[in-house]
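Note that the structure is predicted; figures quoted are calculated from it, not measured. A, B, ... follow the sequence lines: proteins, then strands. Residue 1 opens every chain.
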Amino acid sequence: SQKIEQNSEALNIQEGKTATLTCNYTNYSPAYLQWYRQDPGRGPVFLLLIRENEKEKRKERLKVTFDTTLKQSLFHITASQPADSATYLCARYGGSQGNLIFGKGTKLSVKP
Amino acid sequence: DVKVTQSSRYLVKRTGEKVFLECVQDMDHENMFWYRQDPGLGLRLIYFSYDVKMKEKGDIPEGYSVSREKKERFSLILESASTNQTSMYLCASSADRAGDTQYFGPGTRLTVL
């Protein structure tokens with residue numbers, strides 16, 4: 001079965017630094033990966049989608065990469081701010097009936 | 001913007017009660033999903049629906065049922081609530097079947113006493 005793993009449960013960084021979150025997947029490469037942000041007590045919010053032939057995608061201070069050799073996606077937040085503190089989830093297509101599979105998330109804390 | 005609303009943000013029920021959680025989306029999406037989220041376990045798919053009156057079991061359907069009588073509305077039913085169903089319940093919708101971007105509601109924090 002398809003799996004997706006976010007190795008770090010938590011990541012603590014200083015304001016202004018770049019945060020890098022990792023998402024690894026098993027078996028065949030998905031056509032695309034998605035990243036979501038979730039604030040405490042709220043539903044996840046879609047941030048970015050990257051296709052396997054795109055290698056890198058950017059949106060403001062966010063950057064996502066897709067490495068099919070390593071079976072990994074990296075999610076970067078540059079010039080991080082305390083307001084970026086949240087849990088970040090990655091997701092891939094490939095559930096038993098074609099639905100999304102979500103990682104367990106990485107909780108990012110940005111300290112001032 | 002896509003809007004997904006859920007009937008309650010917080011709900012407290014007693015063991016054995018029948019519980020209805022309702023979800024409404026306003027973007028004419030074909031697909032709707034119910035998840036539960038627990039610390040350390042992540043999002044787990046309970047049921048989903050690709051069309052009106054159609055439902056599919058997810059990874060953890062036991063103890064739950066669903067209803068989709070109208071395209072915009074997807075209800076999750078706990079026939080006889082138990083304490084192990086205390087959780088955050090999240091509804092989502094998406095436009096396309098094949099793993100499209102999902103839009104989530106704000107969640108319902110259900111406590112079963």
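- Heavy atoms of A:Glu9 lying under 4.5 Å from chain B are absent altogether.
- Ranking A:Gln6, A:Gln34, A:Arg42 against chain B, the residue ahead of the rest is A:Gln34, based on heavy-atom pairs under 4.5 Å.
- Within a 6.0 Å sphere centred on CD of A:Gln14, heavy atoms belonging to other residues, nucleotides or ligands number more than 12.
- A:Lys107 NZ: 12 or fewer foreign heavy atoms inside a 6.0 Å radius.
- To the nearest 0.5 Å, atoms CD1 (A:Ile101) and CG (B:Leu43) are separated by 12.5 Å.
- Taking CZ of A:Phe102 as the reference point, atom OH of B:Tyr35 lies at 4.5 Å (rounded to 0.5 Å).
- Criterion: ILVMFWY side-chain heavy atoms under 4.5 Å apart, direct or through other members. Under it, B:Val19 and B:Tyr64 are part of a common hydrophobic cluster.
- In this structure, A:Arg61 places its CZ atom where more than 12 heavy-atom neighbours from other residues, nucleotides or ligands lie under 6.0 Å away.
- Linking ILVMFWY residues whenever their side-chain heavy atoms come closer than 4.5 Å, directly or via other members, leaves B:Phe104 and B:Leu110 in distinct clusters.
- B:Val4 is not connected to B:Ile46 by any chain of hydrophobic side-chain contacts under 4.5 Å among Ile, Leu, Val, Met, Phe, Trp and Tyr, and they are in different clusters.
- Contact annotation for B:Arg44: neither backbone nor side-chain heavy atoms come within less than 4.5 Å of a heavy atom of chain A.
- In terms of hydrophobic clustering, with Ile, Leu, Val, Met, Phe, Trp and Tyr side chains grouped at heavy-atom distances under 4.5 Å, B:Leu113 and B:Tyr10 are assigned to different clusters.
- Scanning all heavy atoms of the two residues, the minimum distance from B:Asp100 to A:Leu100 falls at O-CD1, 3.6 Å.
- In this structure, the portion of B:Gln37 lying under 4.5 Å from any heavy atom of chain A is its side chain and not its backbone.
- When all heavy atoms of B:Gln102 and A:Phe46 are compared, the closest pair comes out as O-CB, 4.5 Å.
- Both B:Ile60 and B:Trp34 are members of a single hydrophobic cluster when ILVMFWY side chains are connected at heavy-atom separations under 4.5 Å.
- By a heavy-atom distance cut of under 4.5 Å, B:Met88, B:Leu90 are the residues of residues 79-92 of chain B near chain A, going up by number.
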